[in-house]
Each structure stands twice: as C-alpha cells, then as structure tokens.
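Working notes, structure below.
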Amino acid sequence: MKFEVLIRDVKFPNPVLAASGTFGFGLEFLTVANRLGGVVTKGLTVKPRAGNPPPRIVETPSGVVNSVGLENPGVAMFKTDILPRLQRLKCPVLVNLAAGSLDEFCELTEILEETPVAGLELNLSCPNVKEGGVAFGQKPQRVAEVTRAVRKRTDKLLVVKLTANFVDPAETAKAAEAAGADAVSLINTLFALVLDQNGRPFLGGRTGGLSGPAIKPFALFCVERVVKAVKIPVIGMGGIRTGQDAFEFISAGAHLVQVGTANLTRPDGAVEVMKGLRRLARIRGWQNWDDVRGKAGEGCFG
Amino acid sequence: MVIQENGPITEIKRLGAEIFSVWIAAARISQKIKPGQFIGVKVSEREDLLLRRPFSVADVNGDKIRIVFRVVGPGTERLARSKNGDNWDIIGPLGKPAPLVRNRNVVICGGGVGVAPLLYLTRVLHKANQVVVLLGARCTPELIMVSDFRRVGVKVQLTTEDGSQGVKGLVTEALAPVLSEMRAPVVYACGPKGMIEALCPLSEKVKVWAFLEERMGCGTGVCYGCAVPKKAGGYLRLCKDGPVVSLDEVVL
C-alpha cells in the first residue's frame with residue numbers, strides 16, 4: 001500500500017505527524033522525525049515568549065494537563081537559528097503560528113513566506129494564553145477574518161487549528177474553509193482545572209489544556225462532525241497513541257493525524273502509531289487510504 | 001541519544017517505611033549514564049498513568065542501574081509493588097551530567113531521599129577531590145544509604161532533626177562549620193525544596209550545584225513542561241538544562 005497523503009501540493013510520506021508543542025522544533029529526535037509524515041513545530045510568536053510560571057504540567061487519569069503558555073524563542077531566532085537546521089528533516093514541516101492579534105498573524109506569515117517550510121498551521125485554539133489563541137477560535141467570524149488575512153499573504157499550505165472549547169467546530173471549520181484554508185486540524189487541548197489537596201489551582205497558569213487518551217472519544221466525535229461539514233481535508237488529533245487510534249480518526253474521515261501526548265511518553269511515540277497503522281493496513285489488505293477514509297459506521301472492516 | 005530498554009529488576013529492597021531501592025539491568029543505558037543524569041520509567045502499559053516518572057541515578061554497577069525513591073503517588077506506588085524479574089520500560093540517559101571538579105574541597109549535602117543521586121556523584125568525585133559527605137533526615141529510619149556512602153571511603157557526617165542519630169538539627173545547619181574549615185569549597189546538594197532554598201544565600205559566596213525537581217512531561221526537552229525561572233529572565237528546562245543547576249542562576 002502507498003502511505004503517502006497529498007494535500008494540495010504538499011506530499012506527506014505517511015499520514016502520521018507530530019503535533020505542535022509535543023515535539024519541540026523537530027530537531028531533538030531527527031531519526032524519529034524523518035520517519036514521520038510531517039512535523040508541526042512548537043507554537044511560534046513574533047517576539048520571544050517566556051511562557052507561564054511552573055508547575056506547567058500535571059498528569060490526570062488517562063490525560064495530561066499543561067499550561068506551558070507558548071514558550072518559544074520568537075520568529076527572528078527561529079529564522080536564524082532553527083530554520084537552517086530544519087533542512088535536515090526529510091518530511092514536510094508545518095510551522096504552528098500563535099499570535100495575540102491579527103497584525104501579528106500577518107507579520108509572522110510575511111516573515112515565513114520566503115522560507116522553505118511546507119506550510120503554516122494557524123493556532124486559533126491555544127487555551128493557555130490570555131490573548132489570541134482560543135479567543136480567536138471561538139467565533140466563526142474571527143476565524144474567517146484571521147484566515148482570510150493570512151491567506152492573502154501566503155501561497156503555502158494553510159491549516160487552521162480549531163478548538164472544541166465551548167464552540168461547535170463544524171461552524172468554525174466552515175468559516176475557515178470559506179476564508180481560504182487548505183485544511184483544518186482539530187482538536188486542540190480542552191480547558192482544564194486541576195486543584196491540589198488544599199483546593200488551590202495546581203498549575204502556575206491556574207488553568208490548562210487537557211490532552212491524551214482521556215479526550216479521544218470527544219476528539220473523534222468532533223473530527224467526524226467537521227468532516228461532514230467541510231470539503232477541505234481534516235487533520236485529526238486528540239489522544240492518539242496506537243495505530244488503531246489513528247485508524248479510527250482516518251475512518252472518521254481525517255486525511256492526516258497528529259500525535260501529541262504520546263510523544264511525551266516515548267520520543268518515538270508517533271513512529272509507533274505509524275507502525276501500528278502499517279500493520280493494520282497489511283492485515284486488512286487496504287490498497288489506499290480511500291479504502292478507509294470516511295468509512296466509519298459502514299461496518300466494512302469485519 | 002536517548003536509549004529505550006526493557007530492563008528486568010534484579011533487586012528491590014525497602015530502605016524505609018515508604019522508601020525503596022531498585023537495581024535494574026539496563027546494559028545500554030548504564031554504559032552511558034553519568035552522575036546527575038536521570039532515567040524515565042514507564043509505570044504502566046495501561047492508559048491511566050501516562051507519563052514516565054523521572055528518577056535520578058543513585059548508582060551504577062556494570063550493566064545495572066540503581067534508583068532510590070519514596071512512594072509519593074500512584075506511579076511510585078505501582079513501581080514499589082514490583083518484584084525481581086519484572087521488566088521496566090526505561091529511557092535514558094536524560095538530562096545533563098553534573099559538572100565535575102578536580103583537586104577541590106567538595107561537600108556533598110543530602111537531605112531525606114535526596115541523598116540518592118549523590119552516591120554515584122560521590123563515587124566519581126572522590127577519585128579526584130577531597131570529599132566530605134553530610135547526610136540528613138528527620139529521624140533515624142529516614143536516614144538512608146549511610147553505609148553505601150561510607151563504603152566509598154569518604155568522611156560521612158550525619159544529622160537528624162530529632163537528634164536520634166548524629167548531630168541534632170538540619171543538614172544545612174551542619175554545613176557552615178564544615179565549609180569554614182575549607183579553602184575554596186564546592187557544594188553539591190540534593191534534598192527537599194526547603195533545604196535547597198536554605199542554601200540559596202550560601203550560593204552567593206560558594207559554588208553550589210543543586211539537583212532540582214519540577215513536574216516533568218517528556219523528560220527529553222520537547223514539551224517545555226519542567227520550567228524553572230532563571231535569575232537572568234526566562235526559564236530553563238530542568239530535563240534538558242538540568243537537573244543539576246548552579247543555584248545562583250535560578251529563582252526558587
């Protein structure tokens with residue numbers, strides 16, 4: 001079976017990508033990265049961001065709540081220090097863009113337009129920052145506005161990362177599609193609050209975002225809902241840690257999947273997902289992804 | 001290069017009420033791991049406990065690694081129920097090795113279960129320095145690994161808060177008189193947060209390398225979860241820039 005997935009003009013060698021925020025800038029584990037369908041880098045802002053105070057991460061049953069707060073070195077350092085080293089990656093690199101304003105999104109896009117990265121993922125869904133992030137992603141009108149402005153400034157593959165926090169992602173996905181997005185990705189982490197034994201917020205950022213297997217059924221529901229609402233490709237994520245998990249998202253209609261929290265458990269977590277998917281493909285005799293994609297509920301997998 | 005191994009437990013022993021010592025056979029990691037570095041242990045294949053637990057290496061012997069830990073939650077509780085022959089999924093070496101000095105007066109200062117990573121460090125530092133070890137705990141049952149340190153051949157002084165063994169008081173209080181008799185000493189410390197905080201004023205005058213703790217996600221530097229504020233601004237990632245840090249460079 002051919003494992004490639006083509007979205008617009010970007011060829012992903014296989015459908016499993018490392019999700020933003022869980023794989024650094026893709027340079028820490030080059031041999032792992034080079035076996036993936038792609039890497040989505042850590043959220044990038046115009047100016048360097050220190051991030052939120054510690055503690056920033058805590059485990060919950062079958063999940064992880066983080067409040068990292070988009071710590072990153074800023075786009076200038078990214079261009080001079082990180083980008084040259086990204087050329088060592090064989091797979092496509094999508095840069096996750098985070099911003100507090102429309103102008104910042106536009107500025108980031110213009111700076112990155114002449115660079116060799118394959119695409120941009122607009123982070124309209126980060127729950128861990130006061131400005132931008134999820135605040136943009138909760139209103140279809142705002143999603144459309146940002147997407148349209150960025151679309152005007154880039155010919156690169158444009159993915160809009162959606163939130164499922166207090167919003168119907170089918171509505172925001174439609175807005176992103178109408179404004180020119182090439183694909184949407186979902187879901188980002190879900191709002192979460194963890195209290196300590198004294199009833200005080202555990203995380204330094206007070207609240208955080210929940211990820212991991214705990215959110216998978218909800219993520220799968222959202223992905224299927226969005227797949228039915230738009231014609232552009234959907235990139236699914238949320239608690240994927242096995243080939244079976246990835247298969248479920250693809251059969252719900254996703255073209256690609258992103259692996260996040262599983263990368264924290266083991267550096268080659270996303271490769272393990274791909275291996276599992278290959279095994280399933282072999283056992284079940286799939287010829288191409290069309291055999292699987294969007295077939296959830298048809299009972300064709302015996 | 002991070003190595004993943006499934007290592008069988010060759011010995012698991014209770015050192016105190018809730019403190020355990022475990023030797024794991026991990027030939028590939030044990031060859032590479034240096035004092036100050038740590039390993040990440042996958043507690044369970046089940047999905048309820050997702051993240052690896054970080055443990056500093058207490059000692060290395062051939063192809064075996066020793067860790068010593070206190071049961072503090074469901075992860076360590078599960079690990080404490082292990083038996084000889086059980087396989088642990090571990091990754092390592094993680095973090096940066098502790099900076100090593102030569103031909104210096106070194107004081108090793110450990111409190112509670114924090115004495116654990118100082119044993120391997122003491123063994124290495126002892127080869128090229130004058131080393132004095134101060135070990136402290138609340139009470140005698142919590143004073144662990146004393147004979148291990150003595151076997152290294154260094155001078156070992158003990159303190160307990162209840163006075164049941166050694167000098168009564170805190171290990172940090174025992175530090176000042178030891179340092180006053182030394183020329184250009186270097187301190188390596190590991191222990192509870194309060195103990196490390198108590199060493200902050202000292203770090204303005206004497207070089208103090210401290211093992212720090214923070215909630216950790218990946219252990220490999222990709223998630224930016226284990227942040228510790230730097231005096232110069234911003235944060236360092238404890239799993240990548242530490243866990244041993246110069247105490248005068250961080251804000252506790």
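Here is the naming used below: chain letters follow the sequence lines, and residue numbers restart at 1 for every chain.
Contact count against chain A (heavy-atom pairs under 4.5 Å) is highest for B:Gly217 among B:Gly217, B:Gly234, B:Pro229, B:Gly75. Among the candidates A:Pro267, A:Gly21, A:Pro213, A:Ser62, the residue making the largest number of heavy-atom pairs closer than 4.5 Å to chain B is A:Ser62.
In this structure, A:Ile57 CD1 and B:Met216 CE are separated by 10.5 Å, a value rounded to the nearest 0.5 Å. With values rounded to the nearest 0.5 angstrom, B:Leu50 atom CG is found 9.0 Å from A:Leu264 atom CG. Distance check, rounded to the nearest 0.5 Å: SG of B:Cys218 to CZ of A:Phe23 gives 11.0 Å. In this structure, CE in B:Met1 is found 11.5 Å from CG in A:Leu30, a value given to the nearest 0.5 Å. A distance of 9.0 Å separates CD1 of B:Ile91 from CZ of A:Arg266, quoted to the nearest 0.5 Å.
Side-chain contact between B:Val222 and A:Phe29 is present, with at least one heavy-atom pair separated by less than 4.5 Å. Annotation: side chain of B:Arg53 is in contact with side chain of A:Glu59 (closest heavy-atom distance under 4.5 Å). Residues B:Thr220 and A:Glu28 fail the side-chain proximity criterion, which asks for heavy atoms closer than 4.5 Å.
When all heavy atoms are compared, the tightest approach of A:Gly51 to B:Tyr235 is O-CE1, 3.8 Å. Among all heavy-atom pairs drawn from A:Arg56 and B:Tyr224, the shortest one is NH1-O, 2.9 Å. Between A:Val58 and B:Arg215, the shortest heavy-atom contact is CG2-NH1, 4.0 Å.
With a 6.0 Å radius and a threshold of 12 heavy atoms from other residues, nucleotides or ligands, B:Glu214 has its CD atom above the threshold. Atom CZ of A:Arg206 has 12 or fewer neighbouring heavy atoms from other residues, nucleotides or ligands inside a 6.0 Å radius. The neighbour count for B:Lys13 NZ, taken as heavy atoms of other residues, nucleotides or ligands under 6.0 Å away, does not exceed 12. Within 6.0 Å of CZ in A:Arg35 there are 12 or fewer heavy atoms belonging to other residues, nucleotides or ligands. For B:Lys207, the NZ atom is densely surrounded, since the number of other residues' heavy atoms within 6.0 Å is greater than 12.
Contact annotation for A:Thr31: neither backbone nor side-chain heavy atoms come within less than 4.5 Å of a heavy atom of chain B. No part of A:Pro48 comes within reach of chain B, as not one of its non-hydrogen atoms sits under 4.5 angstrom from that chain. For chain A, the nearby parts of B:Leu51 are the backbone and the side chain; heavy atoms of each come within less than 4.5 Å. With a 4.5 angstrom heavy-atom cutoff, A:Asn72 does not touch chain B via any of its atoms. Only the backbone of A:Thr22 comes within contact range of chain B, with heavy atoms under 4.5 Å apart.
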